[in-house]
Each structure stands twice: as C-alpha cells, then as structure tokens.
Amino acid sequence: MDAINCPRCGRMFTKVSANICKDCEKAEVEKFEEVRLYVKENPNSSAQEVSEKCEVSVKRILQYVRDGKLEISQGMEGLITCSKCGRPIKSGRMCERCTKNIAGALTNMISVGNAAKEKEASSSGPKQSGMYTLNKN
C-alpha cells in the first residue's frame with residue numbers, strides 16, 4: 001500500500017482502493033446523494049440548474065451520468081451521447097444498440113476461437129501417452 005497525497009485536499013493517506021482520502025470520499029458520497037435527491041425531486045431540471053442548486057460542477061454531474069450513477073432527466077435530454085454512434089443516451093457510455101452489437105461481436109469471437117480449438121484438437125489425431133524405448137537396431 002502506497003502513501004500518497006489526496007488530489008482533492010492534499011492530505012497524505014494510505015491508498016487502498018480509492019484515489020482520494022476517506023474524508024474526501026465521504027464528502028463525495030454525500031454530494032452525490034444531494035444531487036441524486038435533487039434530480040429525483042426536480043426531474044425536469046437542467047444540468048446547469050442542478051449544478052447551481054447543489055453547488056457541484058456540470059462536469060461532475062456528467063461523470064455521475066457516464067458512471068451510470070445518474071440517469072438523464074427530461075430537462076437534460078441530449079446532454080450526453082453514445083461514444084460509438086453519437087445518439088443521445090440517458091446513462092453510461094454507449095446506447096443499448098451499440099452495447100448489444102459489441103456483446104454480439106465478442107460472443108462471435110469467442111465462438112470462433114472455441115471452434116478453431118476444437119478443430120485443431122480433432123485434426124491432430126488421438127493423443128498417445130506412455131513411455132517409449134528405442135531399439136539399438
């Protein structure tokens with residue numbers, strides 16, 4: 001475990017999992033809960049309004065959305081887009097269609113890889129085991 005300075009407050013802490021100290025992590029959780037509650041109670045709010053009312057940057061609000069912690073409300077539609085096709089999305093990094101396409105491509109790659117391994121195993125013939133001795137003649 002490394003001792004590092006917290007990028008938010010500058011205090012030294014022992015890094016275990018988070019990149020910020022426990023106090024800043026706690027403050028981050030509290031701030032997120034404030035934002036989440038405000039968006040829940042004011043579903044038509046714009047990102048700018050949420051930013052002003054909760055005293056958090058629009059950039060941080062967008063990060064909550066990209067991380068899947070928050071979903072875009074009606075007042076924030078079009079705020080983020082799919083990183084692959086550019087369609088507006090409510091949460092995450094990609095739209096449902098692009099996510100399904102990538103999942104399908106990965107499944108296909110795995111299937112092709114498994115089929116190739118099976119073909120290679122069957123074409124090499126039966127495996128023989130045991131000890132062999134060489135004759136002098």
Side-chain angles (χ1 to χ4, degrees):
M1 288 183 249
D2 297 327
I4 62 171
N5 288 7
C6 177
R8 296 229 175 119
C9 68
R11 278 188 299 210
M12 191 144 218
F13 74 104
T14 303
K15 181 180 176 183
V16 178
S17 61
N19 291 327
I20 57 177
C21 71
K22 293 286 182 195
D23 291 339
C24 289
E25 188 175 18
K26 181 180 177 189
E28 174 67 24
V29 169
E30 289 171 358
K31 185 55 75 174
F32 168 72
E33 280 303 314
E34 181 183 341
V35 169
R36 186 190 65 76
L37 185 60
Y38 186 85
V39 170
K40 182 179 179 183
E41 291 173 354
N42 302 280
N44 295 322
S45 301
S46 69
Q48 188 62 41
E49 181 182 338
V50 175
S51 172
E52 291 169 3
K53 296 291 184 181
C54 297
E55 297 178 353
V56 64
S57 69
V58 172
K59 183 178 178 180
R60 181 156 306 157
I61 293 168
L62 291 177
Q63 191 60 51
Y64 293 152
V65 173
R66 288 277 182 207
D67 291 345
K69 293 178 179 180
L70 264 185
E71 190 171 281
I72 294 291
S73 65
Q74 290 175 342
M76 293 190 240
E77 290 172 336
L79 194 59
I80 63 168
T81 57
C82 174
S83 60
K84 188 151 174 65
C85 71
R87 281 193 197 104
I89 55 175
K90 290 187 173 195
S91 183
R93 299 202 176 275
M94 287 190 286
C95 68
E96 190 175 333
R97 187 166 118 185
C98 289
T99 301
K100 284 180 182 179
N101 287 344
I102 288 175
L106 288 172
T107 301
N108 189 35
M109 287 173 58
I110 291 169
S111 297
V112 168
N114 288 340
K117 285 180 186 177
E118 289 174 12
K119 183 178 179 182
E120 183 180 312
S122 66
S123 67
S124 63
K127 300 281 183 200
Q128 296 180 359
S129 61
M131 186 179 282
Y132 298 93
T133 55
L134 293 172
N135 293 328
K136 285 186 178 181
N137 296 345

S.K.: How many angstroms lie between SG in Cys95 and NZ in Lys100, if you round to the nearest 0.5 Å?
M.R.: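 So the SG of Cys95 and the NZ of Lys100 are separated by 10.0 Å.
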S.K.: Identify the heavy atoms of Pro7 and Asn19 that sit nearest to each other, and give their distance.
M.R.: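 It is CD-O, 3.2 Å.
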S.K.: Which heavy-atom pair separates Ala18 from Phe13 by the least distance, and what is that distance?
M.R.: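 So the two residues come closest at O-CE1, 4.0 Å.
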S.K.: Do you know which of Arg60, Gln63, Lys69 makes side chain to side chain contact (heavy atoms under 4.5 Å, CB included) with Phe32?
M.R.: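 Answer to the side chain to side chain contact (heavy atoms under 4.5 Å, CB included) test with Phe32 among Arg60, Gln63, Lys69: Lys69.
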S.K.: Does Met12, at its CE atom, have more than 12 non-hydrogen atoms belonging to other residues, nucleotides or ligands within less than 6.0 Å?
M.R.: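 Correct, the count exceeds 12.
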S.K.: How far apart are the closest heavy atoms of Lys15 and Ile4, and which atoms are they?
M.R.: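 Heavy atoms only, the tightest pair is CD-CD1, 3.8 Å.
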S.K.: Taking all atoms of both residues into account, what is the closest heavy-atom pair of Ser51 and Val56, and its distance?
M.R.: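 The pair with the smallest heavy-atom distance is OG-O, 2.6 Å.
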S.K.: Working note: Arg66 + Ile89, criterion side chain to side chain contact (heavy atoms under 4.5 Å, CB included); need CA distance, chi angles, decisive distance, verdict.
M.R.: CA-CA 10 Å; Arg66 288 277 182 207; Ile89 55 175; 3.9 Å; yes
S.K.: Salt bridge check: are Glu34 and Lys31 linked by an N-O gap of less than 4.0 Å?
M.R.: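 Looking at Glu34 and Lys31, the cut-off is met.
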S.K.: How close do Val65 and Lys90 get, heavy atom to heavy atom, and via which atoms?
M.R.: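 Heavy-atom minimum between the residues: CG1-O, 3.5 Å.
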S.K.: Is a side-chain donor or acceptor of Ser83 paired with a backbone partner of Met94 at a separation under 3.5 angstrom?
M.R.: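 Absent.
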S.K.: Decide yes or no for Asn101 and Lys84: does some side-chain heavy atom of the first lie under 4.5 Å from some side-chain heavy atom of the second?
M.R.: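 Answer no - side chains too far apart.
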S.K.: Side chain to side chain contact (heavy atoms under 4.5 Å, CB included) between Glu49 and Tyr38: does it pass, once the steps are laid out?
M.R.: CA-CA 10 Å; Glu49 181 182 338; Tyr38 186 85; 2.7 Å; yes
S.K.: Does Arg97 have more than 12 heavy atoms from other residues, nucleotides or ligands lying within 6.0 Å of its CZ?
M.R.: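 It does not: Arg97 CZ has 12 such atoms or fewer within range.
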S.K.: In the structure I gave you, are the side-chain heavy atoms of Asp67 and Arg93 within less than 4.5 Å of one another anywhere?
M.R.: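 Yes; the side chains approach each other to less than 4.5 Å.
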S.K.: For the residue pair Cys24 and Arg8, what are the closest heavy atoms and their distance?
M.R.: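 For Cys24 and Arg8, the tightest heavy-atom pair comes out as SG-CB, 3.7 Å.
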S.K.: Say you draw a straight line from CD of Gln48 to CD1 of Ile61; how long is it, rounded to the nearest 0.5 Å?
M.R.: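 Output value for this atom pair is 8.0 Å.
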S.K.: Quick check on Glu55: does its CD atom have over 12 non-hydrogen neighbours (other residues, nucleotides or ligands) under 6.0 Å away?
M.R.: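 Atom CD in Glu55 is not packed in, count stays at 12 or less.
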